[in-house]
*Asks:* 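The structure's right below; bear with me while I get my questions together.
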Amino acid sequence: MNEYVARVSAALRQRYADEPEYLQAVQSWLEMIGPALEADAPLYERLDLLTRMVEPERMLSFTVPWMDDQGIAHTGHGYRVQFNSAIGPYKGGLRFHPSVDRSVVKFLGFEQTYKNALTGLPIGGASGGADFDPRGKSDREIMRFCQSFMTALYRHIGSDTDIPAGDIGVGAREIGYLFGQYKRLSGRTESSALTGKGLTYGGSKIRQEAAGFGTVYFLARMLERQGETLEGKRLAVSGFGNMSWGVCRKSAELGGRVVTLSGPDGYVYDPDGVTTQEKFDFMLALRTSGQDRIEPYAERFGVQFFPGKKPWEVAVDVAVPCATENEIDVEDAVAIVANDVRYYVEAANMPATAEALRLLRLSPRVLTAGSKASGSGGVVVSALEMVQNSIRYSWSRKEVDSRLRATMSYIYDISAAAAEEYDLGYDLIAGSDIAAFKKIAAAMIAQGL
Ligand code: GLU
């Protein structure tokens, strides 16, 4: 490792010792972009570029007081990290989950910055959320929480400053309440101040499906390189939310079969595949039930349920993690390799621990793609939603879908090209990190200090 990089890395370790997810994301990125840093290290050092890239430009934290249906008050902790605006206004999701803290929000904001740069669209990176647990909350409680959250946040966002969207625990319903409150407080119907909106008030078609569709489009390009298609392929998927739902639908359309879904309670194995409308609809119903359990799927369709287990023990062709960070540990990675899984394509952010990812990347039989590239479908359609809002128009499903497909293909191409340029072979993870890094670095240098 170059001396300057080593110094930045050591400073980070010291400063963020208590922010494990954030440190993990940045350290792994520094490792990936190493080859691109070598060439221009003196310039980057003179401008202290790396330090500015690994620190958020602004970090907001605020309290979110709200009252439950029994009249008892609670105080949530809310965050928004405006990570990097070199390429465009801050853009990224909001997550409502008990695990949300500074570290999680910063790791998400960091990843989002590089994800967004890869799309080729003018969007900077951000993230945010709160430690609120939407599970088991009434609709009115969710509305009150969203309104309180937006009351704290509204002065910091806007279509040219920062555009939030959804993430875990924040879907169309929450975006609706957040947007309603933003409109009320600002006195303006500023459509592209939030994305992921409902279709009746400025949302884009395909936004709900986008994350999953995007990952499958990316996978299709990887398969094509090997002279293969999705036809007959078996996929292991974790989670059962939006992302998983999109992967099931698009892979079924292209001839593949998702054979696992998972929840915090375990996983289901459906050898026929999650390929019918009835099963897609059941996933949605499960999600809106708010129970966060996958077992009912097994009961409904008469398939096996494995309590407390993860789907990575199933022998498949493709593994697509769609749940949350660090769900794949070394043991899971070993199982993936041992099962001769040929493609490991990330949809969720940083789904593997550092050691697990290293193991997968270095295994010669497994072709890997990282979430900053293969997991960017959601934000791609968010950016398309902003375009439609700004021209006061609404494209057809077909139009949005084909733009999503083309953008995923572009991300694939620049990732593969960057890996080749730095003699990294077919390392799509390093390639995508390098391509995004170079773009952001150039934009930051061009705009001065
Ligand atoms: N959390 C989402 C993602 O990473 C949303 C980002 C957005 O649409 O702004 O794709």
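Residue numbers run from 1 in the order of the sequence given. Whatever order the structure lists ligands and atoms in, that order sets their numbers, starting from 1.
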*Asks:* Using a 3.5 Å cut-off on N or O atoms only, is A165 in polar contact with ligand 1?
*Replies:* no
*Asks:* Please find the pair of heavy atoms, one from I206 and one from V381, that lie closest to each other, and give the distance.
*Replies:*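 Smallest heavy-atom distance, with atoms named: C-CG1, 4.2 Å.
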*Asks:* Scan L94, V100, L60 and name whichever one has a side-chain contact (heavy atoms from CB on, under 4.5 Å) with V105.
*Replies:* V100
*Asks:* Which atoms of ligand 1 have any heavy atom of S382 under 4.0 Å away?
*Replies:*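 This gives 7 (C), 8 (O), 9 (O) as the contact atoms.
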*Asks:* Report the part of R207 (side chain from C-beta onward, or backbone N, CA, C, O) that has a heavy atom under 4.0 Å from ligand 1; answer both or neither where that applies.
*Replies:* side chain
*Asks:* Check whether any heavy atom of A211 sits under 4.0 Å from an atom of ligand 1.
*Replies:* no
*Asks:* Taking the six-membered ring for Trp, are the ring centroids of F240 and Y297 within less than 6.0 Å of each other?
*Replies:* no
*Asks:* Give a yes or no on whether the ring-centroid distance for F145 and F132 is below 6.0 angstrom.
*Replies:*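 Yes.
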*Asks:* Is there at least one pair of N or O atoms, one from D167 and one from ligand 1, spaced under 3.5 Å apart?
*Replies:* yes
*Asks:* Out of all atoms in ligand 1, which are within 4.0 Å of some heavy atom of G166? Include the element for each.
*Replies:* 1 (N), 2 (C), 5 (C)
*Asks:* Shortest non-hydrogen contact from R257 to T275?
*Replies:* CG-CG2, 4.0 Å
*Asks:* Which option, K372, K91, Q112, E111, owns the non-hydrogen atom nearest atom 9 (O) of ligand 1?
*Replies:*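 Shortest heavy-atom distance from atom 9 (O) of ligand 1: K91.
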*Asks:* Ring centroids only, cut at 6.0 angstrom: are F437 and Y114 within range, meaning strictly under it?
*Replies:*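 Distance test on ring centres: not under 6.0 Å, no.
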*Asks:* Using a heavy-atom cut-off of under 4.0 Å, does the side chain or the backbone of R95 touch ligand 1, or both, or neither?
*Replies:*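 It is neither; nothing of R95 touches ligand 1.
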